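Each remark here refers to the structure printed beneath this line.
Fair warning: this is a prediction, and the values are worked out from it, not measured in the lab. The sequence lines fix the lettering, A, B, ..., with proteins before strands; numbering per chain opens at 1.
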Amino acid sequence: MKDGGYSFKYRAQPTSRQMMQHTDNAADAARRLLSWYDRHHRDLPWRISPPMARDGVVADPYHIWLSEVMLQQTTVQAVKPYFHKFLTLWPKVTDLASADTEEVMKAWAGLGYYARARNLKKCAEAVARDHGGVFPDTEEGLKALPGIGDYTAAAVSAIAFNRQSAVLDGNVERVISRLYAIETPLPSAKPEMRALVARMTPADRPGDFAQGMMDLGATICTPKRPACALCPLNADCLALKMADPETFPRKAAKKDKPLRVGAAFVASGPDGAVYLRKRAETGLLGGMTEVPGTAWTSRIDGDNTIEAQPFAAAWEPCGTITHVFTHFELRLSVYRANVAIRDKSGNGWWEPLASLEAQALPTVMKKAIAQAIPHAFKAGTN
DNA sequence: AATTCGGGGAG
DNA sequence: CTCCCAGAATT
């Protein structure tokens, strides 16, 4: 096993006969999982389906890596258009490596978790500079690259390089937790789960096994109302046999989201251009474009509302927007001003309305601009 | 071990 | 409304 390094403390030491029985069950379960995958796999843009694989088609590591980074905490449906856009703009990893970072941020805008885009660019640069434009073909080599952690290293290793790596994502966590009725709550249970996945992962077709487990979690072993009657592993599932599968995996309680408030200022120039500026490279929405505004704090500070104005103008309130982030909810008061002369004293710039859509604007900023200028992002304006 | 990172779709 | 999605980096 290439993924050792942690102690396996799952229950008591099994006898050798039990271990053999367990191993046989795991191997048989893997076979049934692969058989199910052959018949029920989803057709995804980055995936080499089993029939094509039999014709000798192999996955492009660049495609697998790009899709896996985009898929981190992100649904397949949300990723698809971005995957196609990136391959059109940058067909090879070396193209992405030599691209302008600002163009990459623009292309990523709307997908969220923007540190992924910054690390994506750094990773492409590292592959081009340190590896001759070829991705490392081991978990260790992959994990040393920016933006590639335990999951992505194992996934690329298994799917693109046919290595026997243990792939553990949110789907597999759910499948494994039910299969073995694991009472340990997440995230503490991850080492146990990874060891069980490693034991089950076959030497033959490890990439299809990983994708099959993820497809199973996405379509059969779902968070709510799992279709256990259709599951190829239902004969082995301890949660189905002894408890309620829907109650797995166990998870630590989550904390509530606080409310933060602030103000945003949308200035329109004489020709309709909007005043924009660039956010700091690190932190929330790091490196993305924004309209000027106050800091986002737990309660309203009237003085900040004055200081945060980019320049003196006849600012008029035009309503509020709300936006939900991962760990807080934001309520923004939006102000609008139509100015006759473009102020050029600050660090920002005036962006024509026609090219607003193509900017690196996160969703919350598009909401704020649309609140002030309802036709800003409508079709026909670009 | 906890926290910080977006956005959207399903139920 | 709640949950969670092919998680990683930082503290």
Side-chain angles (χ1 to χ4, degrees), chain A residues 41-42 44-47 63-83 105 108-120 122-123 142-160 165-175 185-191 194 197 207-219 221-226 246-247 249 251-258 260 279-288 322-330 360-367:
Chain A
H41 64 83
R42 294 178 291 173
L44 302 177
W46 46 84
R47 171 173 291 176
H63 294 188
I64 301 302
W65 163 74
L66 179 62
S67 67
E68 291 301 345
V69 173
M70 288 182 167
L71 286 162
Q72 289 165 7
Q73 293 293 289
T74 308
T75 55
V76 166
Q77 183 173 341
V79 164
K80 281 181 180 176
Y82 286 86
F83 179 76
M105 302 310 290
W108 195 277
L111 196 54
Y113 283 159
Y114 298 99
R116 290 186 297 172
R118 287 179 264 130
N119 285 329
L120 189 83
K122 290 179 187 170
C123 183
L142 288 162
K143 196 176 170 182
L145 293 166
I148 298 185
D150 289 334
Y151 163 76
T152 305
V156 175
S157 167
I159 298 170
S165 299
V167 176
L168 183 67
D169 77 322
N171 290 301
V172 181
E173 285 174 359
R174 188 167 52 253
V175 172
L186 285 169
S188 318
K190 285 186 76 170
R194 197 180 307 280
V197 175
D208 282 347
F209 173 79
Q211 295 181 90
M213 289 286 277
M214 293 190 278
D215 275 20
L216 189 70
T219 64
C221 196
T222 49
K224 296 172 184 173
R225 297 178 59 85
E246 194 172 293
T247 63
K251 290 192 173 183
K254 53 181 60 175
K255 23 189 294 190
D256 52 349
K257 290 186 180 181
R260 295 187 193 176
R279 293 176 62 88
E281 291 297 332
T282 58
L284 187 72
L285 307 177
M288 301 297 285
T322 62
H323 190 76
V324 180
F325 291 94
T326 305
H327 57 290
F328 67 91
E329 179 178 344
L330 177 66
L361 288 165
T363 298
V364 63
M365 292 302 161
K366 286 192 173 185
K367 283 186 187 177

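In the set dT4(B), dA8(C), dG6(B), dT4(B) carries the atom at the smallest distance from any side-chain atom of His327(A). Considering only the side chain of Val76(A), dA6(C) comes nearest among dG7(C), dC4(C), dA6(C). Of the candidates dG7(B), dG9(B), dG7(C), dG7(C) carries the atom nearest the Tyr113(A) side chain, counting heavy atoms from C-beta on. The side chain of Leu285(A) sits closest to dG7(B) out of dG7(B), dC4(C), dG7(C). Closest contact between the side chain of Gln211(A) and the listed nucleotides dA8(C), dA6(C), dG7(B) involves dA6(C). Here dA6(C) is the nucleotide among dA6(C), dC4(C), dG7(B) with the atom lying nearest to any side-chain atom of Glu68(A). When the nucleotides dG7(C), dC5(C), dG7(B) are ranked by their closest atom to the side chain of Arg174(A), dC5(C) comes out on top.
Of the options Leu142(A), Ile159(A), Leu120(A), a side chain to side chain contact (heavy atoms under 4.5 Å, CB included) to Trp65(A) is made by Leu120(A) and by none of the others.
No donor-acceptor contact under 3.5 Å links the side chain of Thr75(A) to the base of dG8(B). Between the side chain of Thr74(A) and the base of dG6(B), at least one donor-acceptor pair of N or O atoms lies under 3.5 Å. A donor-acceptor contact under 3.5 angstrom links the side-chain atoms of Arg42(A) to the base of dA6(C).
For the pair Lys257(A) NZ and dC1(C) C1', the interatomic distance rounds to 12 Å; values are reported in whole Å. Rounded to whole Å, atom P of dC1(C) lies 14 Å from atom NZ of Lys224(A). Rounded to a whole Å, the CZ atom of Arg194(A) is 13 Å from the C1' atom of dA6(C). Following rounding to the nearest Å, Met70(A) (CE) and dA8(C) (P) show an atom-to-atom distance of 16 Å. Atoms CZ (Arg116(A)) and P (dA6(C)) sit 12 Å apart, rounded to a whole Å. Taking atom CG of residue Leu71(A) and atom C1' of nucleotide dG6(B), one finds them 15 Å apart after rounding to whole Å.
Between the side chain of Arg279(A) and the backbone N or O of Leu284(A) there is at least one donor-acceptor pair closer than 3.5 Å. Looking at Tyr82(A), its side chain does come within 3.5 Å of a backbone N or O of Ala109(A) through a donor-acceptor pair. With hydrogens and angles disregarded, no donor-acceptor distance shorter than 3.5 Å links the side chain of Arg118(A) to the backbone of Gly287(A). In this structure, Arg116(A) contributes its side chain and Gly147(A) its backbone to no donor-acceptor pair below 3.5 Å. Between the side chain of Glu246(A) and the backbone N or O of Arg225(A), at least one donor-acceptor pair lies under 3.5 Å.
If you check every strand for non-hydrogen atoms under 4.0 Å, Pro187(A) touches nothing. In this structure, Ser188(A) reaches neither bases nor backbone, as no heavy-atom distance under 4.0 Å exists between it and the strands shown. Nucleic acid contact class of Gly217(A) (heavy atoms, under 4.0 Å, all strands): none. Residue contacts for Trp46(A): at a heavy-atom cut-off of 4.0 Å it reaches a base atom on one of the strands shown. Leu186(A) comes within 4.0 angstrom of nothing in the nucleic acid, heavy atoms only.
dC5(B) and dC4(C): their C1' atoms are spaced 16 Å apart (whole Å). A distance of about 14 Å separates the P atoms of dG6(B) and dT10(C), rounded to the whole Å. For the P atom pair drawn from dA6(C) and dA10(B), the interatomic distance equals 12 Å after rounding to whole Å.
Between Tyr151(A) and Gln72(A), the side chains place no donor N or O within less than 3.5 Å of an acceptor N or O (distance only, hydrogens not considered).
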Identify the pairs formed between an N or O of the protein and an N or O of nucleotides 9-11 of chain C at a distance under 3.5 Å, and give each distance.
residue	atom	partner	partner atom	Å
dA9(C)	OP1	Gly147(A)	N	2.4

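Side-chain N/O atoms of His323(A) include one lying less than 4.0 angstrom from OP1 or OP2 on dG7(B). Note on Gln72(A): every side-chain N or O is 4.0 Å or more away from OP1 and OP2 of dG7(C). The side chain of Arg47(A) contributes no N or O atom lying less than 4.0 Å from OP1 or OP2 of dA6(C).
For Phe325(A) and His327(A), the gap between ring centers reaches or exceeds 6.0 Å.
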